[in-house]
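The block underneath contains the structure these notes are about, expressed in structure tokens.
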Amino acid sequence: MRITDARVVVTCPGRNFVTLKIVTDEGVTGVGDATLNGRELAVASYLTEHVVPLLIGRDPARIEDTWQYLYRGAYWRRGPVTMSAIAAVDTALWDIKGKVAGLPVYQLLGGRSRDGVTVYGHANAATVEEVLAEVARYADLGYRAVRVQVGVPGLAATYGVGRDRLFYEPADAAVPTETVWNTERYLHHVPSVFARVRSEFGPELKLLHDVHHRLTPIEAARLGKALEPYALTWLEDPVPAELQEGFRLIRQHTTTPIAVGEVFNTVWDCQQLITEQLIDYVRTTVVHAGGITHLRRIFDLAHLYHVRSGSHGATDLSPVCMAAALHVDVSIPNFGLQEYMRHTPETDQVFPHSYRFADGLLHPSEEPGLGVDVDEELAARYPYRPAALPVNRLEDGSMHHW
Ligand code: GCO
Ligand code: MG
């Protein structure tokens, strides 16, 4: 079998997505997500100019060799653009291998380790009263884990609190929206929110919170300590993670579990965090961490150090990524949690898929391959629209982390 074509599909059914579709001479096709929020066309161009020409004529069965060829062959290793492009190829090749074998991809990864994939939803609201209603809604839908983000009094906008409750889409304008941040107000407010949520919903519901990289290690340590009575499942991205050893300081002070890694692209971005046991969950996922092949390497290393998976699953990760992530989630020994933000109906139509949600769990497709596709005709009806992620400033105008 040989690869005869590889098409880069850019579409915007409510938000932008980049998808690679690989075609073979025997008519078997495979898809891979290549979406990098706010930088979509950089990956599309990397694929079109530098990757697709190398794929034509290759044997699609050689997944590992193709991965190494694209990774080592680029010379410029790592980085979100390169790794998302490699991920798209890798994912599409696993899809093809599954279809050729007549098996869902999770069977090729060792088969099931669990009945289903526990997911968490997003309870977002401007006020504590509203967020309690949102948490209740998720609990009623069967969710066993909920991420709670709430407006901070005195701040006009807060990360995670969108205009629409169901689809939080931060990339909202061609030129980045500017938001304003105040650490003191935030640190003062958040523990009181979790006190309310925990007392209303009891000890069983898993609660999570995303700091979105906005604190310093000592501030994060203070927040982690203040949240200990409310037994969070994780505190996410407490600090920017370029300085991996910075997490030691957080660790010395608090038992609140830490989740990091949605912006990581390779095992090297979390090697120290994992081997020094500085985190509890690693949030890398298929599209931004080099595909199924590399993601499994990260999770295997993590397994040795009691670190569990907690893959990113916001709406900018397409249904193709979600389909692939579920095959990994259901098969690995050290699965933790999977983020699940629902896509819009338009997105679901462009990417027909057969994973399904029931009782707080997602179930991967049982079809051969990944069980997801891209409807290219429908995709063409939604042209790309530039959309950038916001930036964040302190009240005195200094640039801060978004
Ligand atoms: C999350 C993330 C998202 C990101 C977004 C960026 O935990 O879901 O932090 O909200 O900001 O996916 O592309
Ligand atoms: Mg996050």
Side-chain angles (χ1 to χ4, degrees), residues 1-12 16-100 105 108 265-266 268 285-297 316-321 323-324 350-351 369-370 372-380 382-384 386:
M1 192 184 275
R2 296 283 149 192
I3 296 172
T4 51
D5 195 11
R7 297 194 283 271
V8 180
V9 181
V10 180
T11 181
C12 186
N16 292 315
F17 293 109
V18 180
T19 311
L20 181 71
K21 183 155 192 167
I22 295 183
V23 181
T24 63
D25 53 359
E26 294 182 23
V28 184
T29 63
V31 287
D33 184 19
T35 309
L36 184 60
N37 205 0
R39 294 292 183 273
E40 294 86 0
L41 298 187
V43 186
S45 152
Y46 189 109
L47 281 167
T48 308
E49 304 296 331
H50 307 295
V51 174
V52 168
L54 312 182
L55 296 178
I56 310 303
R58 289 183 74 85
D59 176 358
R62 295 180 64 159
I63 299 180
E64 181 66 44
D65 181 59
T66 302
W67 196 97
Q68 299 295 339
Y69 178 75
L70 295 174
Y71 183 80
R72 299 180 195 210
Y75 184 63
W76 311 106
R77 298 182 183 197
R78 307 168 61 182
V81 175
T82 296
M83 297 310 288
S84 300
I86 294 177
V89 176
D90 182 80
T91 309
L93 295 184
W94 278 102
D95 192 19
I96 290 172
K97 197 177 275 300
K99 287 177 182 171
V100 170
V105 167
L108 306 180
N265 315 120
T266 71
W268 302 106
T285 193
V286 175
V287 56
H288 299 139
I292 292 174
T293 297
H294 193 71
L295 186 64
R296 279 182 89 210
R297 298 227 155 95
D316 48 297
L317 294 96
S318 89
V320 176
C321 178
V350 169
F351 298 100
L370 296 173
V372 64
D373 207 348
V374 56
D375 179 335
E376 291 175 78
E377 240 176 74
L378 192 55
Y382 298 104
Y384 168 78

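- When atom types are taken as modelled, the side chain of H50 and the backbone of S45 share no donor-acceptor pair closer than 3.5 angstrom.
- With hydrogens and angles ignored, the 3.5 Å screen pairs no side-chain donor or acceptor of W94 with any backbone N or O of L108.
- Contact check on E64 versus R297 returns a salt bridge, with a Lys/Arg side-chain nitrogen under 4.0 Å from an Asp/Glu carboxylate oxygen.
- With hydrogens and angles ignored, the 3.5 Å screen pairs a side-chain donor or acceptor of D95 with a backbone N or O of V31.
- In this structure, OG1 on T266 lies 4.0 Å from CZ on R78, to the nearest 0.5 angstrom.
- Side-chain atoms of F17 and V374, non-hydrogen and from C-beta on, never get closer than 4.5 Å to each other.
- Ion pairing between K21 and D373 holds under the 4.0 Å rule for side-chain N and carboxylate O.
- In this structure, Q68 CD and R62 CZ are separated by 12.0 Å, a value rounded to the nearest 0.5 Å.
- Nearest heavy-atom pair across D5 and R7 is OD2-NH1, 3.0 Å.
- A donor-acceptor pair is defined here as one N or O able to donate and one able to accept, closer than 3.5 Å; no such pair exists between the side chain of D33 and the backbone of V287.
- Annotation: side chain of T285 is in contact with side chain of C321 (closest heavy-atom distance under 4.5 Å).
- In this structure, CG in N16 is found 8.0 Å from OG1 in T11, a value given to the nearest 0.5 Å.
- I22 has its side chain within reach of V89: a pair of non-hydrogen atoms, C-beta onward, lies under 4.5 Å apart.
- Relative ring orientation between H294 and Y71 is described as parallel, the plane-to-plane angle staying below 30° on a 0-90° scale split at 30° and 60°.
- For the residue pair C12 and P383, the shortest heavy atom distance occurs at CB-O, 3.2 Å.
- In terms of heavy-atom proximity, R2 sits nearest to D59 at NH1-N, 3.5 Å.
- Summarising the geometry of A34 relative to A88, their closest heavy-atom pair is CB-CB, 3.7 Å, with the distance given to 0.1 Å.
- When all heavy atoms of I86 and G290 are compared, the pair lying nearest together is CG2-O, 4.4 Å.
- Shortest non-hydrogen contact noted between V43 and A85 is CG1-N, 3.9 Å.
- Here the side chain of D90 pairs a donor or acceptor atom with the backbone of I292 at under 3.5 angstrom.
- Contact annotation: the side chain of V52 approaches that of L20 to within less than 4.5 Å [non-hydrogen atoms, C-beta and beyond].
- Interatomic distance, L47 CG to T82 OG1, rounded to the nearest 0.5 Å: 10.0 Å.
- In this structure, L370 CG and K99 NZ are separated by 7.5 Å, a value rounded to the nearest 0.5 Å.
- Although no hydrogens or angles enter the test, the distance criterion places no donor-acceptor pair under 3.5 Å between the side chain of T24 and the main chain of I3.
- Side-chain contact between R77 and M83 is absent, with no heavy-atom pair separated by less than 4.5 Å.
- Geometrically, R58 engages Y69 in a cation-pi contact defined by less than 6.0 Å to the ring centre and at most 45° from the axis.
- Taken to the nearest 0.5 Å, the CG atom of L70 stands 6.5 Å off from the CG atom of L55.
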